[in-house]
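The next block holds one structure in the form of structure tokens; read it before the comments.
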Amino acid sequence: MGRNFLRLPSVSGRSSFVYSIVACSNLPKRRSIVLSFGHIMTENMTLEQLSANKCFEGEQRVYRHRSDTLKCDMTFGVFLPPAALEGKPCPVLFFLSGLTCTHENFIQKSGFQQHAARHNLIVVNPDTSPRGVEIAGQDDAYDFGSGAGFYVDAKEEPWSKHYKMYSYVTQELVDVVNANLPVVPGRRGIFGHSMGGHGALISALKNPGLYQSVSAFAPIANPTECPWGKKAFAGYLGSNPDDWALWDATHLVSQYESTPQELFIDQGAADNFLAGKQLLPENLLAAADGNDHIQTIFKQREGYDHSYFYIATFVAEHIAYHAALLTA
């Protein structure tokens, strides 16, 4: 086996990991190993570093790798705090961005690095959709296709070949990070904004135990009932509402019966998308009130909108929240 596979102990953070592996050669010109819970780890876990900038005694990096899940090259940001640069394992926090964003928006606009450095958290932020694929119509609208993967696994053609952002974020990217970065096994959080807030919530709710902390800025909390969600779900998932419900945080909260989960929801009161009924946090909160397995923290910020000015104002609070849970 290649040298990447000798690093298996670093990916033991998944609570469902069982250390039985079997060699196979179903992928042309490279070997892979099938882990007992069904994920495939391939030699495509090699990363290409595109940039590195010193920041608050840590380092903001950008990497590119070949994604087997999305069948294209993907770029993501990684902030390494001072402790990680010294080789010390640190908890990892994933951030999912919203509509139209790439990996760059959060890196350049939120100011999160100083807070992640203070708490010694590695922060990873992927792109919002597959890139460089040839699909007719993928660039026609801001809220569907490029920059709008909605963190679901598409079922409808032609999207189903590439648009599997949920599996990419919750499986492949986690494995890539674990195999290449000095992370603490089993100390993993996730948060996001708008479409990315939706992605963070469903990633945690659909995978109890995978993330030890979750929060969301202005999430699309009930996509089956808002215009953005209805458009995206119809295009990616088809016309069956039962299929849509599997990717809706409000529905998942209402049905959740696993390990108790706390959700930190943050919302600007002057958010025009809140007024426009695109976000619907009130529906998620009502569902949580009826489920003893879900606890919520809800903070409404008077005068704040949907922008990165809002995120930059409160990102320190979110990172401190995650750090308290991930370092306890």
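- Here the closest non-hydrogen pair linking Pro219 and Gly197 is CB-C, 3.7 Å.
- Contact record, Lys206 with Leu246: NZ-O, 3.0 Å, taken as the closest heavy-atom pair.
- No hydrogens or angles considered: a donor-acceptor pair under 3.5 Å links the side chains of Glu172 and Ser67.
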**Asked** Does the salt bridge (charged side-chain N to carboxylate O under 4.0 Å, His left out) test come out yes or no for Glu317 and Lys299, once each step is laid out?
**Response** CA-CA 11 Å; Glu317 185 175 339; Lys299 296 198 175 184; 2.4 Å; yes

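- Summarising the geometry, atom NZ belonging to Lys109 is positioned 9.5 Å from atom CD1 belonging to Ile311; distances are rounded to the nearest 0.5 Å.
- Checking side-chain atoms of Arg187 against main-chain N and O of Ala328 turns up a donor-acceptor pair under 3.5 Å.
- The line from NZ of Lys155 to OG of Ser160 is 10.5 Å long, rounded to the nearest 0.5 Å.
- Judged purely by distance below 3.5 Å, without hydrogens or angles, the side chains of Ser215 and His322 pair a donor atom with an acceptor atom.
- For Cys55 against Gln113, the heavy-atom pair with the smallest separation is SG-CB, 3.6 Å.
- For the side-chain contact (heavy atoms from CB on, under 4.5 Å) with Val214, the lone residue among Leu205, Ile202, Ile190 that qualifies is Ile190.
- Placement of Leu93 and Val78 in two distinct hydrophobic clusters is found when ILVMFWY residues are connected by side-chain heavy-atom separations under 4.5 Å, directly or transitively.
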**Item:** Criterion side chain to side chain contact (heavy atoms under 4.5 Å, CB included) on Met165 and Val152, from CA distance to verdict
**Value:** CA-CA 6 Å; Met165 287 299 295; Val152 301; over 6 Å; no

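- Aromatic rings from Trp228 and Phe144 are positioned such that their centres are separated by 6.0 Å or more.
- The cationic group of Lys164 does not satisfy the cation-pi geometry with Trp159, failing either the under 6.0 Å distance to the six-membered ring centre or the 45° limit from the ring axis.
- Of the N and O atoms on the side chains of His103 and Thr75, not one donor lies less than 3.5 Å from an acceptor on the other residue.
- In this structure, Ser194 contributes its side chain and Gly196 its backbone to no donor-acceptor pair below 3.5 Å.
- Side chain of Asp266 to main chain of Ala216: no donor-acceptor pair is present (N/O by atom type, distance under 3.5 Å, no hydrogens or angles).
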**Asked** Step by step, would you call Asn291 with Ser254 a side chain to side chain contact (heavy atoms under 4.5 Å, CB included)?
**Response** CA-CA 6 Å; Asn291 189 338; Ser254 70; over 6 Å; no

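- Rounding to the nearest 0.5 angstrom, the gap separating the CG atom in Leu50 from the CZ atom in Arg61 is 12.0 Å.
- Here CG of Leu263 is found 6.0 Å from CG of Leu201. Values are rounded to the nearest 0.5 Å.
- Hydrophobic clustering (side-chain heavy atoms under 4.5 Å, transitive across Ile, Leu, Val, Met, Phe, Trp, Tyr) keeps Ile122 apart from Val315.
- Considering every non-hydrogen atom in both Ser129 and Tyr163, the closest pair reads CB-CE2, 4.0 Å.
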**Asked** Are Lys277 and Glu282 close enough, and set up right, to give a salt bridge (charged side-chain N to carboxylate O under 4.0 Å, His left out), and what steps lead you there?
**Response** CA-CA 10 Å; Lys277 300 298 181 182; Glu282 64 274 16; 3.7 Å; yes

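- A centroid separation of less than 6.0 Å is found between the aromatic rings of Tyr310 and Phe217.
- With Gln212 contributing its side chain and Arg188 its backbone, the two residues share a donor-acceptor pair below 3.5 Å.
- Aromatic rings of Phe273 and His306 (six-membered ring for Trp) have centroids within the 6.0 Å cut-off, being under it.
- Expressed to the nearest 0.5 Å, how far NE2 of His193 lies from NE2 of His318 amounts to 10.5 Å.
- Relative orientation of the Phe264 and Tyr321 rings is perpendicular, given thresholds of 30° and 60° on the angle between their planes.
- Residue Met195 is grouped with residue Met74 when hydrophobic side chains (ILVMFWY) are merged at heavy-atom distances under 4.5 angstrom, including chains of intermediate members.
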**Prompt:** Are Tyr236 and Phe150 close enough, and set up right, to give a ring-ring contact (aromatic ring centres under 6.0 Å, His included), and what steps lead you there?
**Reply:** CA-CA 9 Å; Tyr236 294 136; Phe150 263 84; 7.0 Å; no

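- Side-chain contact of Thr224 with Asp248: a donor-acceptor pair under 3.5 Å is present, judged by distance alone.
- A salt bridge does not link Asp73 to Arg131: none of the charged side-chain nitrogens sits closer than 4.0 Å to a carboxylate oxygen.
- A salt bridge is absent between Glu48 and Arg66; no separation between the charged side-chain nitrogens and carboxylate oxygens falls under 4.0 Å.
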**Item:** From CA spacing to verdict: side chain to side chain contact (heavy atoms under 4.5 Å, CB included), Arg64, Leu47
**Value:** CA-CA 6 Å; Arg64 179 167 58 206; Leu47 301 180; over 6 Å; no

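- In the hydrophobic clustering of ILVMFWY residues, with side-chain heavy atoms under 4.5 Å counting as a link, Ile107 and Phe79 come out apart.
- We find the CG-CZ distance between Asn125 and Phe76 to be 9.5 Å, quoted to the nearest 0.5 Å.
- Using cut-offs of 30° and 60° for the angle between ring planes, the Phe106 and Tyr308 rings count as tilted.
- A 6.0 Å sphere centred on CG of Asp292 holds no more than 12 heavy atoms belonging to other residues, nucleotides or ligands.
- When the side chains of ILVMFWY residues are joined at heavy-atom separations under 4.5 Å, either directly or via intervening members, Leu325 and Leu121 end up in two distinct hydrophobic clusters.
- The number of heavy-atom neighbours closer than 6.0 Å to CD of Glu134, taken from other residues, nucleotides and ligands shown, is 12 or below.
- For Tyr151 and Tyr166, the ring centers are positioned 6.0 Å apart or more.
- In this structure, the ring of Phe191 has its center no less than 6.0 angstrom from the ring center of Phe94.
- Between the Asn222 side chain and the Leu280 main chain, no donor and acceptor come within less than 3.5 Å of each other.
- For the pair Thr296 (side chain) and Phe298 (backbone), a donor-acceptor distance under 3.5 Å is absent.
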**Item:** Gln267 vs Asp271, side-chain hydrogen bond (donor to acceptor under 3.5 Å, both in side chains): CA-CA, chis, key distance, verdict
**Value:** CA-CA 8 Å; Gln267 179 62 60; Asp271 189 328; 3.1 Å; yes

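- Evaluation of the salt bridge (charged side-chain N to carboxylate O under 4.0 Å, His left out) rule for Asp143 yields Lys231 as partners, not counting sequence neighbours.
- In this structure, Lys54 does not pair ionically with Glu59, as no charged nitrogen and carboxylate oxygen lie closer than 4.0 Å.
- In terms of heavy-atom proximity, Leu279 sits nearest to Leu274 at CD1-N, 3.7 Å.
- Under a 3.5 Å cut-off, the side chain of Thr128 and the backbone N or O of Cys101 do form a donor-acceptor pair.
- A donor-acceptor pair is defined here as one N or O able to donate and one able to accept, closer than 3.5 Å; such a pair exists between the side chain of Thr250 and the backbone of Ala221.
- Of all non-hydrogen atoms in Thr259 and Tyr256, the two that sit nearest each other are O-OH, 2.6 Å.
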**Asked** side-chain hydrogen bond (donor to acceptor under 3.5 Å, both in side chains) between Asp139 and Ser146: does it pass, once the steps are laid out?
**Response** CA-CA 6 Å; Asp139 299 321; Ser146 297; 2.6 Å; yes

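- The number of heavy-atom neighbours closer than 6.0 Å to CD of Glu257, taken from other residues, nucleotides and ligands shown, is 12 or below.
- In this structure, a donor-acceptor pair under 3.5 Å is absent between the side chains of Asp127 and Thr102.
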